[in-house]
Amino acid sequence: MSKPAEQILSFYASFLSLKRIWGTVLCIIIIINIFNFNHSLRTSHLKRKLNPYLFYGFIFSGLENVLKDVERVGYYTDRDTALDETAARFAQAQYILAPLIVDLNFADHEFILFDCTSEKTAMTFIESIGAIPIKKNKFGIILAQQKK
Amino acid sequence: MNLFLALLAYFASSLLGYFFLRSVSTSKSSLSLGLILFLSPGLGLALTAIILFNNFILFDKLNRLFVFIVHGVVALLLILFFFLTRQKSKSTVPSSPSMNIFDLLSFVVLLFMIIPLWKGAHIYPMGGWDAWQVWNFKAKFLLLGGQDWKNMLEVSQWRSSPHYPLMLPLVIVWGWLWTSSPSIIVPILVSVMYTFLTGGLLFAGLRQLTQSRQAILAALALLSLPFFILIGTSQYCDVLLSYYLLASIICSLVAYQQRDKITAFWAGIFLGILSFTKPEGTLAAFILFILNLTFLRQKNLSIVENKKIRFALILGAFLFTLPTILFELVYSPGNQTFINGLSSSTKPSDWPRLQLTLVVFFATFLSQHWNGLWLVMLGGLLLSWKKSFQKNLILIPLFLGIYFAVIIFYYWLNTYFEIAWWLRNTLGRILVTLLPVALLWTFYALGQPENKEKQN
């Protein structure tokens, strides 16, 4: 083989080394990732415009002042506690109301939060345990007090 | 305004880390400027977390004045020490290490990656489920709970994993101390910061270890991966674990490469910090510590020199593991979500559980989350097969092998959770924390010159 031909071959061979091919594949993945992420960001923002971000915990706000000096509060719901959504509501209530401890064993506490499917259901239960509703926030969460 | 104040808080912590790193350095210490830049914030934030943790030990509640005064005193002492050692002997303390044009350009490219991270972090501004239920929840107790802060560690709060160490909540509290309220921007900023720092650290570590320009590809592969961005910016602690794990491994490798006891000291320190992030971090720190005791021993060094290097590692690890030890001994209520399947008759660790764990474990590497990245890494390791297991980086495959084995065993042993649900929700995150280390391994093996083994 002539010398120029060898040089041309070795020039192309240097580009076709396994390491270079590997690096090229990685570069392609990086580029695809950047485009994918950009696309998913735009999709997420579009979805957000149609369905604003929902953090269930916010529905428990507005009760902080009443519960300022309280360390623990009971929590009652008539929702199916096996559902993820119900678990999320409870966990997010705990986060929003922290450093207050929110306890599912509501009967032990002087103050109880009622997070029910309807106000009527909540009021019926409040009456049945002899508690007194003391505050309702704009999201329908009722805080009741029972004698201890 | 809150963002500005939070940035100021974390910049102040980063300065602590910078002066700590620089003041302990000697002429033999060989961390590059890039590594110093990307290690300083992590080290500084750990110092901040330790100061805050000591505050709770001393006062049993948050004492703002104490926290700020101690930060000021520590900063002054470190700066003083830094300038004193510089003046004492200019020959023993290195002048500022410099960056070349490629490093600067790469740094600018990496800075641009903050934009997608910042945007990604706002998709779920309250973070993922564990973010508010475990980490931000505890941060709120620490900030607002007064003397009742320990209520968060009650057994009844098992959903919040009260046995988890407090590094991330303490870092968030530091930001909230500056914003004066539990602003959501602080956990967002923390998550973006650590995600970015992990990418930057990977780049700087590879540049120091291999001098290869491909280091930027490793960082970009990490910071462009949507799943890494998602987990990193979800305000979970996994990204802290990932960062400190990477930091301790890079320092170990540099300590081995340069035969440097100061860097071994940093490796020990980062191991200690790693143990304060999550129980998985404690496990990783323990494995790495044991491996390092053997790994850092070199045949061509005298017994005394080898002892010095290992002593530096042990000293750093001991000092920075103290918060974890104290937390575990004094505050942790123990793992409330643990059933020993080997002794339980109702929930035994059976063969189908192990089978499912193994199948899902291997299948997770092929998940679409990674866009083929693990396969590409495997390809890279196959290309440099012999070098991948050379003595100078055997630490990584050994660590990964042992860590994976222990994790799989734990999935099998602890039968508290339904295994399919547990694997689905956690295994991907575990792999995310190990991804930077796996990239480091691949690129370090590929970036080594052929005669590297002979050099060592």
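Keep in mind it's a predicted model, so treat the numbers as computed, not measured. First the proteins, then the strands, lettered A, B, ... as listed; each starts at 1.
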With chain B as the partner, which of A/I29, A/L26, A/I96, A/N33 has the greatest number of non-hydrogen pairs under 4.5 Å?
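Option with the top pair count is A/N33.
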Which one wins on heavy-atom pair count under 4.5 Å against chain B: A/N36, A/I31, A/V102, A/I101?
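Of A/N36, A/I31, A/V102, A/I101, A/I101 has the most heavy-atom pairs under 4.5 Å with chain B.
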Does any backbone or side-chain atom of [X] lie under 4.5 Å from a heavy atom of chain B? Answer side chain, backbone, both or neither.
X: A/L104; result: side chain
X: A/S44; result: side chain
X: A/Y95; result: both
X: A/F90; result: side chain

For the candidates [options], which exhibits the highest count of non-hydrogen atom pairs separated by less than 4.5 Å from chain A?
options: B/M152, B/E154, B/Q133; result: B/E154
options: B/R159, B/H122, B/M113; result: B/R159
options: B/G379, B/P125, B/S156, B/P182; result: B/P125
options: B/L144, B/L222, B/L143, B/L373; result: B/L144

Can you find a pair of side-chain heavy atoms, one from A/R89 and one from A/I59, that are under 4.5 Å apart?
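Yes, at least one pair of side-chain atoms sits under 4.5 Å.
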For this output row, return yes or no: ring centroids of B/W370 and B/F365 closer than 6.0 angstrom.
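No - the distance between ring centres of B/W370 and B/F365 does not fall below the 6.0 Å cut-off.
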Ring centers of A/F55, A/F58 separated by less than 6.0 Å
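Ring-ring flag for A/F55/A/F58: true, centres closer than 6.0 Å.
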For B/L52 against B/L170, the heavy-atom pair lying closest together
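Between these two residues, the closest heavy atoms are CD1-O, 3.2 Å.
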Minimum heavy-atom separation for B/L142 to B/P169, with atom names?
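Heavy-atom minimum between the residues: CD1-CB, 3.8 Å.
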Ignoring hydrogens and angles, state whether a donor on the side chain of A/E110 or A/Q145 is under 3.5 Å from an acceptor on the partner side chain.
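Yes, A/Q145 and A/E110 have a side-chain donor paired with an acceptor closer than 3.5 Å.
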Assess, by modelled atom type and distance only, whether the side chains of A/S118 and A/T121 contain a donor and an acceptor separated by less than 3.5 Å.
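The criterion, which ignores hydrogens and geometry beyond distance, is satisfied for A/T121 and A/S118.
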Under 4.5 Å from a heavy atom of chain A, the part of [X] involved:
X: B/Y124; value: both
X: B/L383; value: side chain
X: B/L223; value: neither
X: B/F228; value: neither
X: B/W129; value: side chain
X: B/D148; value: side chain

With a 4.0 Å cut-off on N to O distance, would you call B/K150 and B/D60 a salt bridge?
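Between B/D60 and B/K150 there is a salt bridge, with a charged N closer than 4.0 Å to a carboxylate O.
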Toward chain B: residues of residues 71-85 of chain A with heavy atoms under 4.5 Å:
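Heavy-atom contacts from residues 71-85 of chain A to chain B are A/E71, A/R72, A/D84.
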CZ/B/F443 to CG/B/L206 distance, rounded to the nearest 0.5 angstrom?
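Reported to 0.5 Å precision, the distance equals 7.5 Å.
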To the nearest 0.5 Å, tell me how far B/L446 CG sits from B/S212 OG.
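Nearest 0.5 Å value for the CG-OG distance: 8.5 Å.
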Run the side chain to side chain contact (heavy atoms under 4.5 Å, CB included) test on A/L113 and A/I142 for me, step by step, so that the C-alpha distance in whole Å, both residues' side-chain angles and the decisive distance to 0.1 Å come before the verdict.
CA-CA 6 Å; A/L113 285 170; A/I142 299 171; over 6 Å; no
Test the B/K138-B/W135 pair against the cation-pi criterion, namely NZ or CZ under 6.0 angstrom from the six-membered ring centroid and within 45° of the ring axis.
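Pair B/K138/B/W135 counts as cation-pi.
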Does NZ belonging to B/K119 count more than 12 external heavy atoms closer than 6.0 Å?
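No, because the 6.0 Å sphere around NZ of B/K119 holds 12 heavy atoms or fewer from other groups.
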How are the rings of B/F417 and B/W421 set relative to one another: parallel (under 30°), tilted (30 to 60°) or perpendicular (over 60°)?
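B/F417 and B/W421: tilted rings.
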